[in-house]
Amino acid sequence: MAVPSQDLMSTIVSLCKRRGFIFQSSEIYGGLNSCWDYGPLGVELKRNVKEAWWRSMVTNRRDIVGIDASILMHPKVWEASGHLAGFTDPLVDCKACKSRFRADHLDNLDKCPKCGGQLTEIRKFNLMFKTFMGPVEDQSATVFMRPETAQGIFVNFLNVQQSSRLKPPFGIAQIGKSFRNEITPGNFTYRTREFEQMEMEFFVPPTEDEQWYDYWKEQRLNWYKNHGIKSDNLRMREHGKDELAHYAKACADIEYKFPFGWSELEGIANRTDFDLKRHSEASGKSLAFFDEESKSHYFPYVVEPAAGADRATLAFLVDSYDVEGEGKDARTVLRLHPSLSPIKAAVLPLVKRDGMPEMAEKIYKELLDNSIKSFYDHTAAIGRRYARQDEVGTPFCITIDSQSLEDQTVTIRERDSREQFRVAAASVVETVSKKIKVKSL
Ligand code: GAP
């Protein structure tokens, strides 16, 4: 049964709250606009998304290493990168109702879209959050919360390259929080003021930038598909010249068909040698790479796939959401890729007696001891228990019934097909491990 797209977002938001994926931040105080907290299931899902990204970008590759840079950086970083002068959105206010809009999101700048009142002139609004380092709140103590993780990679380029003895083409990856004082956050976790990025800067010889740009566009699109997002809901949109950021020679967005329309999920940019050159000029310390073969220095070009962990998590939630059947027979299923599911297996004794709980407890312990995130549930009828697991995307339910006590076998029920098969109780860990095993995706 298809859920109308206008209802889908509110259905997902309420599922997220009810089942402990995502809560509004500081809810008991009325909430803080655009800030969200991940609950027990949400944190598992988002961690799995980040781990899937890290595996495919760092662990499974010989040419990419990771870092974890600090959020606060020297203020000169943001001067050199162009963020202090140029990381702005055009802002207009309504003089009558005081509503605030991004001018580039309005078709008509003559009147307020809410009340028809007069709008102010466009002002440039810098999106960086400011704070002070140390006890004195003056200009010399001003620091910024990073608006992208990328700059932590650029300023560490030579530290990483020399300590790891790498030679272009190679990449440096990072996952971490970024902050932007967005004028119009919204659409749940899609646009927030505090969010997590998954960025990788791939440093290449200047003559190879275009081929690597094409390579990363394809790789990144496939990553979403391989982790279960439907191809029809993904597209690549190349930026027009007028849309390009100040540092980019080319840029493409991977867009996802969210219930509120096609929107950016990830950007892949050819940043040229802009950042390494700017930091070299501003710091007085050259970040040029010394090529042993030609015995000369050069500034590598950079191809950057920049994704959002929160946006990707939201896309996986929306894409996997499905309602099968109608009326009282309807079942809600999150058809998440097993590698992303917050819980991999639920252990369910059919009844709470006759030795079934004891046998179930033993299997549950074995799963946990093997680092397979599992859940034990002996409450309610078995159908209700299956439904609860389907709704949060658990790929396997293991049921212990009266036959289990006789022949030491259990049933494994698969979430998507609802098919059940029997296996020896002693082989549950092995069977589930095989099924959730992450191949190189
Ligand atoms: N270093 C390049 C860069 O930061 P971006 O397109 O501004 O590029 C990359 O950001 C990704 O970060 C976006 O595609 C999106 O997934 C995520 N992102 C950016 N702003 C966000 C926000 N306000 N809320 C949630 N995610 C955001």
Side-chain angles (χ1 to χ4, degrees), residues 3 8-25 27 35-57 59 175-178 187-192 194-198 220 223-230 233-234 254 256 258-259 263 265-266 307-323 332-346 367-368 371-377 387-397 414-416 432-433 435-439 441:
V3 182
L8 183 55
M9 268 324 278
S10 50
T11 308
I12 301 261
V13 174
S14 68
L15 171 80
C16 282
K17 176 168 173 165
R18 189 163 41 82
R19 297 305 310 269
F21 281 91
I22 302 171
F23 310 120
Q24 194 179 20
S25 160
E27 193 185 7
C35 295
W36 301 95
D37 298 341
Y38 287 82
L41 294 186
V43 73
E44 294 291 339
L45 173 60
K46 189 172 157 190
R47 278 174 66 108
N48 291 341
V49 169
K50 289 187 286 184
E51 269 164 32
W53 186 88
W54 192 265
R55 255 193 319 270
S56 85
M57 299 301 261
T59 315
I175 298 179
K177 289 253 175 161
S178 293
N187 285 325
F188 199 24
T189 53
Y190 178 79
R191 191 183 306 284
T192 53
E194 172 182 342
F195 53 95
E196 226 167 336
Q197 290 188 304
M198 310 186 287
R220 293 303 306 145
W223 183 82
Y224 291 101
K225 291 182 187 167
N226 291 342
H227 287 85
I229 299 232
K230 297 171 199 83
N233 292 338
L234 286 167
I254 297 178
Y256 178 72
F258 283 99
S263 307
L265 198 52
E266 164 162 355
D310 308 273
R311 266 187 208 179
T313 302
L314 182 61
F316 285 118
L317 271 170
V318 170
D319 208 75
S320 64
Y321 182 86
D322 190 20
V323 180
T332 301
V333 199
L334 282 190
R335 297 187 192 281
L336 287 168
H337 190 283
S339 67
L340 303 181
S341 292
I343 299 169
K344 310 298 182 199
L367 286 162
L368 296 182
S371 305
I372 299 172
K373 185 75 189 154
S374 306
F375 184 76
Y376 180 93
D377 188 6
R388 281 187 201 148
Q389 295 306 317
D390 289 343
E391 196 185 37
V392 298
T394 307
F396 305 105
C397 285
E414 283 181 335
R415 175 195 67 202
D416 294 344
V432 174
S433 298
K435 288 188 176 285
I436 61 171
K437 188 165 166 39
V438 187
K439 286 182 230 87
L441 292 174

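Index from 1, following the sequence. Side chains are part of it too, since the values below use all heavy atoms of this structure and drop only hydrogens, waters and symmetry mates.
Taking the side chain as every heavy atom from C-beta outward, Gln24 and Lys17 never approach each other to under 4.5 Å. Side-chain contact between Ser341 and Arg415 is present, with heavy atoms from C-beta onward closer than 4.5 Å. The closest side-chain heavy-atom distance from Leu265 to Leu234 is below 4.5 Å. Within the 4.5 Å cutoff, side-chain heavy atoms of Ile372 are placed close to those of Ser433. Within the 4.5 Å cutoff, no side-chain heavy atoms of Val318 are placed close to those of Phe188. Proximity of Tyr38 to Asp310: side-chain heavy atoms (C-beta onward) are separated by under 4.5 Å at one or more points. The side-chain heavy atoms of Leu45 and Leu317, taken from C-beta on, include a pair separated by under 4.5 Å. By the 4.5 Å heavy-atom criterion applied to side chains, Lys177 and Phe195 are not counted as neighbours.
Nearest heavy-atom pair across His337 and Gly228 is CD2-N, 4.5 Å. Residue Val432 comes nearest to Ala345 through the heavy atom pair CG1-CB, 4.4 Å, listed as atom of the first residue, atom of the second, then distance. Across all non-hydrogen atoms, the minimal contact from Leu340 to His227 is CD1-O, 4.0 Å. Taking every heavy atom of both residues into account, Arg311 and Phe258 meet most closely at O-CZ, 4.1 Å. The minimum heavy-atom distance between Gly39 and Phe23, with the atom names listed, is CA-CE1, 3.6 Å. Contact record, Leu367 with Ser374: CB-OG, 3.4 Å, taken as the closest heavy-atom pair.
If you take CG on Asn187 and OG1 on Thr192, they are separated by 11.5 Å, rounding to the nearest 0.5 Å. Between the CD1 atom of Ile343 and the CG atom of Leu336 there is a distance of 11.0 Å, given to the nearest 0.5 Å. For the atom pair NZ (Lys437) and OG (Ser339), the distance works out to 12.0 Å, reported to the nearest 0.5 Å. Atom NZ of Lys230 and atom OH of Tyr224 lie 16.0 Å apart (nearest 0.5 Å). Here CG of Leu314 is found 10.5 Å from CH2 of Trp36. Values are rounded to the nearest 0.5 Å. The CD atom of Glu266 lies 4.0 Å from the CZ atom of Arg220; values are rounded to the nearest 0.5 Å.
More than 12 heavy atoms of other residues, nucleotides or ligands sit less than 6.0 Å from atom CZ of Arg19. Residue-environment remark: NZ (Lys50) exceeds the threshold of 12 foreign heavy atoms within 6.0 Å.
Residues Asp319 and Tyr256 have side chains that bring a donor and an acceptor to within less than 3.5 angstrom of each other.
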Let's go through Leu15 and Leu334 carefully: what are the C-alpha distance in whole Å and the side-chain angles of both, what is the deciding distance for side chain to side chain contact (heavy atoms under 4.5 Å, CB included) to 0.1 Å, and is it a yes or a no?
CA-CA 11 Å; Leu15 171 80; Leu334 282 190; 4.3 Å; yes
Steps toward side chain to side chain contact (heavy atoms under 4.5 Å, CB included) verdict (Leu41, Phe375):
CA-CA 11 Å; Leu41 294 186; Phe375 184 76; over 6 Å; no
Does the pair Met57 and Met198 meet the rule for a side chain to side chain contact (heavy atoms under 4.5 Å, CB included), with working shown?
CA-CA 10 Å; Met57 299 301 261; Met198 310 186 287; over 6 Å; no
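Under the 30°/60° scheme for interplanar angles, the aromatic rings of Trp223 and Phe316 are found to stand perpendicular.
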